[in-house]
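The structure under discussion appears below in the form of structure tokens.
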Amino acid sequence: MTAAPEALAELVRKEWGRLLAASVRAIGSMELAEESLSEAIESAMVHWQRNGMPASPKGWLLKVARRKAIDRIRRQKTHDRNADALAHLMDLDQTAHDGLPAGTDEIPDERLRLIFTCCHPALDRKSSVALTLRMLCGLTTAEIAHAFLDAPETMAQRLVRAKRKISAAGIPYEVPGPDLWAERLDSVLHVVYLVFNEGYAASGGPDYMRPQLVAEAIHLGRMLLQLLPGEAEAEGLLALMLLHDSRRFARLDRDGVMIALDSQDRRLWDRQMAGEGEALITRALGRGRPGPFQMQAAISAVHSAALSAESTDWPQILLLYGELHRMTGSTVVRLNQIVALARVEGPYKALELCEGLASELAAYQPFHAALADLRAQTGDVTGSVFAYREAVALSASASERLFLEQRLKAVQSRQ
Amino acid sequence: MKYMTLIYSNPDLAPQPGTPEFAGYMGGYAKANQTFAADGVLVSGDALKPVTAATTLRRRAGRLETMDGPFAETKEQLGGYYILDCKDLDEAIRYAAMIPAVDYGSIEVRPLSEMNPETLKILLGQA
């Protein structure tokens, strides 16, 4: 019976996050759980090949992972804390049917604990992103390294250090309580959005990882929605990602150069995906608990709703940026608000306000690009060329650079 | 798990004695102390005298050097500590957030190593 290896591979691909989350809960240590689950999968490759698929494959993997963990703990010389873990594990092992309802293969869903732990603020953001990709999405260390343009050994070290910090610092394997909820959820949403942006922004490196990262981020977004129904900011995040991704076919030209939103061929926008995003953000806003991800999604939805660039509801976008700025105090948001202001009232006031952000955003490429554009609109061609040159110097990818150079050339031709 | 909260602050930024803010600030410490004790998490804690009272020792190449001042001249200085016995990091963070210095200084929350005698034996090759 050769169906077993394919079935196992498929099971692991789909259920890795859920299997690992449940293993961490049972075994108590992330490192040990990951090692034990990997060993259980290796064991399954042998046993299921020989004896066929078990009746409850997920339950089988979980049980074997626990036994592997017990073996490992016994082989190590341990101190008190491991003796407790050992006793707990052996108790679990002896419970008949593992507490699973008979006839089903449903294992407990502990993925919320897992993602909140991976995204705990005591870990640095990059480590949280890497850990989330490894633990919840099952990406290999090599794949994650590639996404960050790091050497695999460096990424492996980063993951090990993060897992060690979790146990050394006593980061709990828990879903946070109400007093910490808002801050911790925000952390999780930001990590997921970072995964999305790693995939979406196409900044540097070969492109093959990008669609996978976008897919993983959206998968995580859907998972969060499923596990946290009614959580408005989680809806906002998923809506935002879907709305951005709905434009993926229109964003780059044949040479891989960025196309600005204004110039995109809107017939290439994925209307079904955008529709799902629009429905989500409408539902989220209806809950009356607005937040930054919802505001960003709403802005994106206003763009989506415009059949042509000219028919964009800029006054609405301006209002939404105002709200977003009120919530976050972010200077980058302020910049976007100023750009929207120029669309509504013309460039003069906007240019003045934009210049005011120079010291804070000196290292931020889109600031110089916005400044250049506003100067061009007011007829300051020399100033515009200068600012576009700054922007080009700061560009992070070939695609961005080529786009900005096109803009620079266009303005230079007016000199 | 036991955690030390190392309380760092710039003494010029803290509420100064004689100001109305000072009473609130001292009250904040009193409340924190009370809560830590009542909740059974307080192991120990104290304020340190300012770095003007500090002395730093080093022995290098057999010579003991004694110097005036703290180990490093920084704007934020170590001003005090608590040792709290908490369930996990989040519990330690909740308690540490009650320390008034969190509003204008920095509080480092670090677990004690709590090396177990058995582990020590292993490390010494005596297990």
Side-chain angles (χ1 to χ4, degrees), chain A residues 24-25 27-32 72-88 110 112-124 127-128 131 161-188, chain B residues 1-8 28 31-32 34-36 38-45 76 81-127:
Chain A
V24 176
R25 179 91 171 108
I27 292 167
S29 145
M30 259 193 201
E31 270 191 281
L32 187 55
R72 269 192 185 245
I73 295 174
R74 279 199 180 123
R75 281 201 302 270
Q76 293 166 357
K77 309 243 182 195
T78 65
H79 62 69
D80 289 357
R81 214 169 302 135
N82 268 349
D84 290 340
L86 188 56
H88 166 74
E110 307 282 13
L112 275 182
R113 284 185 212 254
L114 185 57
I115 201 168
F116 274 105
T117 303
C118 290
C119 300
H120 195 282
L123 300 169
D124 72 278
S127 297
S128 284
L131 209 54
R161 276 198 305 267
K163 285 179 244 174
R164 297 257 162 95
K165 166 116 196 223
I166 289 170
S167 64
I171 292 175
Y173 192 59
E174 293 293 344
V175 175
D179 57 335
L180 294 171
W181 181 259
E183 178 209 337
R184 297 297 167 86
L185 176 66
D186 191 60
S187 196
V188 168
Chain B
M1 271 179 80
K2 296 203 178 79
Y3 294 86
M4 182 175 274
T5 67
L6 298 110
I7 304 168
Y8 291 95
K31 179 148 189 289
Q34 262 165 24
T35 309
F36 298 169
D39 290 359
V41 299
L42 181 65
V43 175
S44 65
E76 291 199 327
Y81 72 95
Y82 287 99
I83 295 180
L84 304 175
D85 193 350
C86 299
K87 181 173 64 134
D88 55 46
L89 180 63
D90 280 349
E91 188 172 275
I93 286 172
R94 280 190 183 95
Y95 285 114
M98 295 182 63
I99 300 169
V102 80
D103 288 316
Y104 57 89
S106 308
I107 301 186
E108 181 179 328
V109 179
R110 188 136 49 116
L112 301 196
S113 121
E114 297 189 86
M115 184 157 305
N116 178 277
E118 287 309 309
T119 311
L120 187 56
K121 272 197 203 160
I122 296 160
L123 289 175
L124 294 171
Q126 291 160 8

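Worth saying up front: this structure is predicted, and the values here are computed from it rather than measured. Lettering follows sequence order; numbering is per chain, from 1.
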Quiz prompt | Residue A122(A) versus chain B: region with a heavy atom under 4.5 Å | solution =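 Contact with chain B: side chain only.
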Quiz item: chain A contacts: which residues in residues 88-100 of chain B have a non-hydrogen atom closer than 4.5 Å to it?
Solution: D88(B), L89(B), D90(B), I93(B), R94(B)
Quiz prompt | Where P111(B) and A169(A) come nearest, the two heavy atoms and their spacing | solution =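 Closest pair (atom of P111(B), atom of A169(A), distance): CG-CA, 3.8 Å.
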Quiz item: Going by the salt bridge (charged side-chain N to carboxylate O under 4.0 Å, His left out) test, which pairs reach into residues 168-177 of chain A, not counting sequence neighbours?
Solution: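 Every pair satisfying salt bridge (charged side-chain N to carboxylate O under 4.0 Å, His left out) with a residue in residues 168-177 of chain A: R113(A)-E174(A).
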